[in-house]
Protein chains: 2
Amino acid sequence: MTQLDDVHTSSDAPKLGRRRDPAKDQQILDAAVEVLAETGFDGMTIDMVASRAGAGKATVYRRWTSKNELVLDAVACMKKGDLDSLAIPDTGTLRGDLVAMIRPPSIHDAERKLKVMAGLASMLSSAPELADAANEAIVEPRARINRMLLTRAIERGEIASDTDIQLISLISPSMVAYRSLILRKPVDREFLITIIDGVILPAVGLGQTAPARP
Amino acid sequence: MTQLDDVHTSSDAPKLGRRRDPAKDQQILDAAVEVLAETGFDGMTIDMVASRAGAGKATVYRRWTSKNELVLDAVACMKKGDLDSLAIPDTGTLRGDLVAMIRPPSIHDAERKLKVMAGLASMLSSAPELADAANEAIVEPRARINRMLLTRAIERGEIASDTDIQLISLISPSMVAYRSLILRKPVDREFLITIIDGVILPAVGLGQTAPARP
DNA sequence: CATATACGAAACTCAACAGTTCCGGATAGC
DNA sequence: GCTATCCGGAACTGTTGAGTTTCGTATATG
């Protein structure tokens, strides 16, 4: 947590007038994420964020000590409103689960996160805190779901118990990120299905059995 | 080509004195690539590049009109000194070829290119010229080799002729880039072998036959 | 040796941006 | 209504870096 409590603590406040609007915090963080995705860390200015949030620059600095702290909180805040809210499907087969994870909100969410990641890429090596926050908010949630689906497939005896879950769970994040960030091609349903059937399932030994399309 | 010819063309030159040193061009471009890999596009200053090349800022601007043009040429120049010089192995099997491509100069080259790519990532969406140059110099050479190895494997009947070469050739670049740029873990020989045996070979139908190690 | 040119270094201009301060207006508690 | 506090806006400071100019020096050509 990097937010300011301002100068006063609750103990010494005498009479009190207008209180700080907590909703504004979230508007500013959301605006920061937007700008971060559009322009990257270096292109982002506090004025952009403030005006997009309908706030003044001073209001931003009343709540965060620096641009770095704001970005850190903004990235961490992407963790919420996450895939956690979307229930993870259980269709009975690994392929069914993987395909069921392809949904418009999920895809859109992933694309925006990748844009933010691209905007932070050059800083990751020099700012470990930021790198950790980005990993926790952007990378890890998706990988965790994949690991869960694979573990479940092992438990139901669908795939071998010595499957390299760490490796397999990174196939789709890697190929999606590469296609989006570096090749700058759209990540659509067709591409994701191609990865599932052409790479992931063969890698876990489910390749030869061409599955029926749902 | 974005370099300057300076003001004069060869036709109107009268007497001529000291001539511009062509070797300096390359020193500046090399320095630019170094700084780009270390600090990214936004962190890179012309003074850094100049002093690392043992040159003055004015010398840089005598040869390139702007920072953008310099970076564009520096990225394009990475294409040379490339894998092209390394002969592409032909070991008789796809796995042998893929493993033979894992070599210190190749790995080191790839890591530096990925650092440059990370430093450019935030610009790619807003600077199409730069994105194209980066693709041509960093992404495409590696993918081209993979496509060649796969095509050869089809020709010798080792893998199916309807193999999705485009998709398979992107597996290792994607997973290497993700591991290096986003996870920031080392890309060592062990990891590359794991990708080959755990993902690529299964995807082309060579999974079950555990190959003898050379 | 004379001239034209390139060189590195340093001083310069100019614009953008991080961060601060001040202001008049709004609003919650008393 | 009084007061403490927050608000958005705008003016301000200080720094950084792109791009330019100047200058004393080095070196090819003739």
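Chain letters run A, B, ... following the sequence lines, proteins first and then strands; every chain starts at 1.
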Next item on the list: Using a strict cut-off of less than 4.0 Å between a Lys/Arg side-chain nitrogen and an Asp/Glu carboxylate oxygen, indicate whether A/Asp197 and A/Arg95 qualify as a salt bridge.
Entry: yes
Next item on the list: With DNA chain C as reference, determine whether A/Ser66 or A/Arg19 sits nearer its 5' end, using the nearest nucleotide of each.
Entry: A/Ser66
Checklist line | Whole angstrom value for the distance that separates C1' of D/dT16 from NZ of B/Lys67 | finding: 11 Å
Checklist line | Crowding at CZ, B/Arg112 (>12 non-hydrogen neighbours, <6.0 Å) | finding: no
Check: Between the side chains of B/Thr59 and B/Arg20, does any donor sit under 3.5 Å from an acceptor?
Finding: no
Checklist line | Atom pair CD (A/Glu111) and OG (A/Ser180), whose distance is rounded to the nearest 0.5 Å | finding: 5.0 Å
Item checked: Enclosure of A/Glu129 CD (heavy-atom neighbours >12, cutoff 6.0 Å) -> no
What nitrogen or oxygen pairs link the protein and nucleotides 8-15 of chain C at under 3.5 Å?
from  : atom 1 : to      : atom 2 : distance (Å)
C/dG8 : OP1    : B/Lys24 : NZ     : 3.3
C/dG8 : OP1    : B/Gly54 : O      : 2.9
C/dG8 : OP2    : B/Gly56 : N      : 3.4
C/dG8 : OP2    : B/Thr59 : OG1    : 2.2

Check: Does atom CZ of A/Arg19 have more than 12 heavy-atom neighbours from other groups under 6.0 Å away?
Finding: no
Next item on the list: Output yes when a side-chain donor or acceptor of B/Thr91 lies under 3.5 Å from a complementary backbone atom of B/Thr93, and no otherwise.
Entry: yes
Item checked: Nearest-Å distance for atom pair CG/P, residues B/Leu16 and D/dA26 -> 22 Å
Note to self: If you define the side chain from C-beta out and look only at heavy atoms, does anything of B/Leu29 sit under 4.5 Å from B/Lys80?
What the structure shows: no
Margin query: I need the OH-C1' distance between A/Tyr61 and D/dC6, as an integer number of Å.
Written below: 19 Å
Next item on the list: Would you kindly give the CD1-to-P distance between A/Ile46 and D/dT13, to the nearest whole Å?
Entry: 21 Å
Next item on the list: Report which part of the nucleic acid A/Met44 touches: base, sugar-phosphate, or nothing (heavy-atom distance under 4.0 Å, all strands).
Entry: sugar-phosphate
Notebook entry, point to check: C/dA6 base to B/Arg18 side chain: any donor-acceptor pair below 3.5 Å?
Noted result: yes
Checklist line | Bracket notation of DNA chain C in which parentheses pair within the strand, [ ] cross earlier pairs, and | pairs with another strand (Watson-Crick or G-U, under 3.5 Å) | finding: ||||||||||||||||||||||||||||||
Notebook entry, point to check: Whole-Å distance between C/dC17 C1' and B/Asp42 CG?
Noted result: 13 Å
Item checked: Neighbour count above 12 (heavy atom, 6.0 Å) for B/Lys67 NZ -> yes
Check: So what does B/Asp21 hit on the nucleic acid, given a heavy-atom distance under 4.0 Å: a base, only sugar-phosphate, or nothing?
Finding: sugar-phosphate
Checklist line | Options D/dC6, D/dG19, D/dG17, nucleotide nearest the side-chain atoms of B/Thr45 | finding: D/dG17
